[in-house]
Amino acid sequence: NPMELYLKLPDINNPQTLEITKIRFLNSDLEQFPSQLFRNFPRLEELDASETYLSRLDRSDIGKTNLKKLNVSCNKIHRLTDGMTSNFECLENFDLSYNQIERIMPEAFKFSSSLRYLNLSHNKIPTVDRNFFDAVRSCEVLKLNDNSITEITGNYDHFVSFWKELHLQNNKLLSIEPELIKIPSYLDLSLNKITEIDLKDALTLELKVVSNRLKDLTIGRRLKKLDASENYHNYFKINCELTENSLTHLMLSYIKTKIDGKKLDIDFTKFDKLEVLDLSENNMVHFDIKDITNDRQYALHTLNLRNSHL
């Protein structure tokens, strides 16, 4: 089992450190990493410096290290500089959540090919570009939720990633590039202002797009779970151009219409594998109940129409 060491900052230069693999700073006024930290702990694999007073994370502060997990959440870091990860070639798990990050320099994550988990949630990031996404394409889990992202810039033709989860909820996005969201099996775009989403060629298995302004959603062959509840537009259509699809869960509660007479436009006959359908708290949905029940006695098992005026 890896040795664990929980130190206060004044004890950091203890000479008996060669076998230590994990360090956690407690109650530290740590504005930057001590200059000899990584030299004194050559086998260090995990470092927790969360809830200290770190305000910078520059390459000049960090020596060459074999660190695999770094937690600097809940600090005061406001910028990620170019080459920041150049000494973190083995880093797999990087938590930067709950800081004050407002800018990611173009080459901040240039040396991040080993990264599998990156958490940048709960910061103040206003925009991200292709330089960033290209650098973190090896991640399996990428969290950018709860920022102030209004725009994702760049051309994403032929973009390929290894993402399994992409979290972009609670930002200010008006649109999303189809190429950017083709790969993740789990995609959360809730609490934005998106009006159109095209997943026709995507590998997405589960999509959450709650509380947006959707008017047009095209689903893909692999999509199994869709939660598009609490959307607000004068018209909402779900497109399915495929002869076969995998949708089993469809959540469409609290769809708010803006103009009387507009409606939710869905051809339920195309979803023959549907097991769970939630249309609760709606008042402008028009459909024939036969479209849902015909030939479904072995598929649909949950139908929620609570407080719906159909």
Side-chain angles (χ1 to χ4, degrees), residues 31-33 47 49-50 52-62 65 67-157 159-177 179-181 183-184 187-189 191-194:
E31 295 184 2
Q32 64 187 68
F33 288 129
L47 176 60
S50 59
T52 58
Y53 287 88
L54 269 179
S55 59
R56 52 183 271 178
L57 197 61
D58 294 338
R59 177 172 54 183
S60 59
D61 300 332
I62 304 166
T65 173
L67 207 62
K68 292 183 178 179
K69 183 176 181 179
L70 176 59
N71 184 354
V72 290
S73 63
C74 303
N75 281 296
K76 298 182 178 182
I77 300 168
H78 64 277
R79 187 178 68 160
L80 302 181
T81 59
D82 283 334
M84 176 192 66
T85 58
S86 61
N87 288 326
F88 289 145
E89 294 181 358
C90 299
L91 194 63
E92 299 175 358
N93 186 308
F94 198 2
D95 191 343
L96 286 150
S97 61
Y98 291 96
N99 275 281
Q100 299 173 19
I101 299 169
E102 296 180 295
R103 189 176 183 187
I104 302 175
M105 298 299 287
E107 297 188 355
F109 289 93
K110 184 177 180 180
F111 304 92
S112 302
S113 59
S114 297
L115 207 55
R116 298 295 176 265
Y117 174 92
L118 176 60
N119 190 346
L120 283 162
S121 66
H122 297 275
N123 279 285
K124 300 178 180 179
I125 302 168
T127 183
V128 283
D129 61 17
R130 177 150 185 173
N131 286 327
F132 167 76
F133 286 117
D134 278 337
V136 299
R137 67 171 66 216
S138 64
C139 282
E140 295 181 355
V141 178
L142 178 58
K143 293 190 173 185
L144 289 163
N145 53 285
D146 296 275
N147 277 281
S148 302
I149 301 172
T150 58
E151 187 178 17
I152 295 175
T153 61
N155 185 331
Y156 290 88
D157 290 345
F159 178 81
V160 178
S161 74
F162 297 94
W163 304 333
K164 293 181 179 179
E165 296 183 19
L166 178 58
H167 298 256
L168 281 165
Q169 66 268 30
N170 202 16
N171 280 288
K172 299 177 181 180
L173 288 169
L174 300 176
S175 62
I176 189 75
E177 285 282 344
E179 292 294 317
L180 193 62
I181 58 176
I183 302 300
L187 178 61
D188 196 339
L189 297 170
L191 295 164
N192 282 284
K193 299 178 181 180
I194 298 170

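Throughout, residue positions are numbered sequentially from 1 according to the sequence presented.
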At what distance, to the nearest 0.5 angstrom, does CG of Leu191 lie from CG of Leu173?
11.5 Å

Close side-chain approach of Leu91 to Phe111, heavy-atom, < 4.5 Å:
no

Would you name the heavy atoms of Thr153 and Asp129 that are closest together and state the gap between them?
OG1-CB, 3.1 Å

So how far is it from Asp95 CG to Cys74 SG, rounded to the nearest 0.5 Å?
8.0 Å

Can you name the side-chain hydrogen bond (donor to acceptor under 3.5 Å, both in side chains) partners of Thr81, sequence neighbours left out?
Asp58

Verify, without hydrogens or angle tests, whether Ser148 (side chain) and Lys124 (backbone) share a donor-acceptor contact under 3.5 angstrom.
no

Taking the side chain as C-beta and beyond, is there a heavy-atom pair between Ile183 and Phe162 under 4.5 Å?
no

Quick one: list whatever passes side chain to side chain contact (heavy atoms under 4.5 Å, CB included) with Tyr156, sequence neighbours left out.
Arg130, Phe133, Ile152, Phe159, Glu177, Glu179, Leu180

Contacts of Tyr98 meeting ring-ring contact (aromatic ring centres under 6.0 Å, His included) (sequence neighbours excluded), chain-then-number -> His122

Using the side-chain hydrogen bond (donor to acceptor under 3.5 Å, both in side chains) criterion, which residues pair with Arg79? Sequence neighbours excluded.
none

Going by the rule side-chain hydrogen bond (donor to acceptor under 3.5 Å, both in side chains), which residues pair with Asp188 if we only count those two or more places apart in sequence or in a different chain?
Ser190

Counting only N and O atoms by type, is there a donor-acceptor contact under 3.5 Å from the side chain of Ser121 to the main-chain atoms of Ser97?
no

Side-chain contact test, heavy atoms from C-beta onward, threshold under 4.5 Å: evaluate it for Leu118 versus Leu144 and give yes or no.
no

If the condition is side-chain hydrogen bond (donor to acceptor under 3.5 Å, both in side chains), which residues does Asn171 pass it with, not counting sequence neighbours?
none

Ignoring hydrogens and angles, state whether a donor on the side chain of Asn75 or Thr52 is under 3.5 Å from an acceptor on the partner side chain.
yes

For Ser114, does its backbone N or O pair with a side-chain atom of Arg116 as donor and acceptor, under 3.5 Å?
yes

What residues form a ring-ring contact (aromatic ring centres under 6.0 Å, His included) with Phe109, not counting sequence neighbours?
Phe132

Counting N and O atoms only, with roles assigned by atom type, does the side chain of Asn123 sit under 3.5 Å from a partner on the main chain of Asn99, one being a donor and the other an acceptor?
yes

Quick one, Leu96 and Leu80 - any side-chain contact, counting heavy atoms below 4.5 Å?
yes

Just wondering, do Ile176 and Asn192 contact through their side chains at under 4.5 Å, heavy atoms?
no

Would you please name every residue forming a side chain to side chain contact (heavy atoms under 4.5 Å, CB included) with Pro106, sequence neighbours left out?
Asp82, Asn131

For atom CD of Gln100, decide whether the heavy atoms of other residues, nucleotides or ligands shown that lie under 6.0 angstrom number more than 12.
yes

What pairs of residues pass the salt bridge (Lys or Arg N to Asp or Glu O under 4.0 Å) test when at least one of them lies in residues 143-153, not counting sequence neighbours?
none

Counterpart residues, side chain to side chain contact (heavy atoms under 4.5 Å, CB included), relative to Ser50 (two or more places apart):
Asp48, Asn71, Ser73

Taking only residues two or more places apart in sequence, or in another chain, which ones meet Glu89 in a salt bridge (charged side-chain N to carboxylate O under 4.0 Å, His left out)?
Lys64

Side chain of Trp163, backbone of Val136: donor and acceptor closer than 3.5 Å?
yes

Taking side chain to side chain donor-acceptor pair (under 3.5 Å) as the cut-off, I'd like each qualifying pair that reaches into residues 102-112, sequence neighbours left out, listed once.
Thr85-Ser112

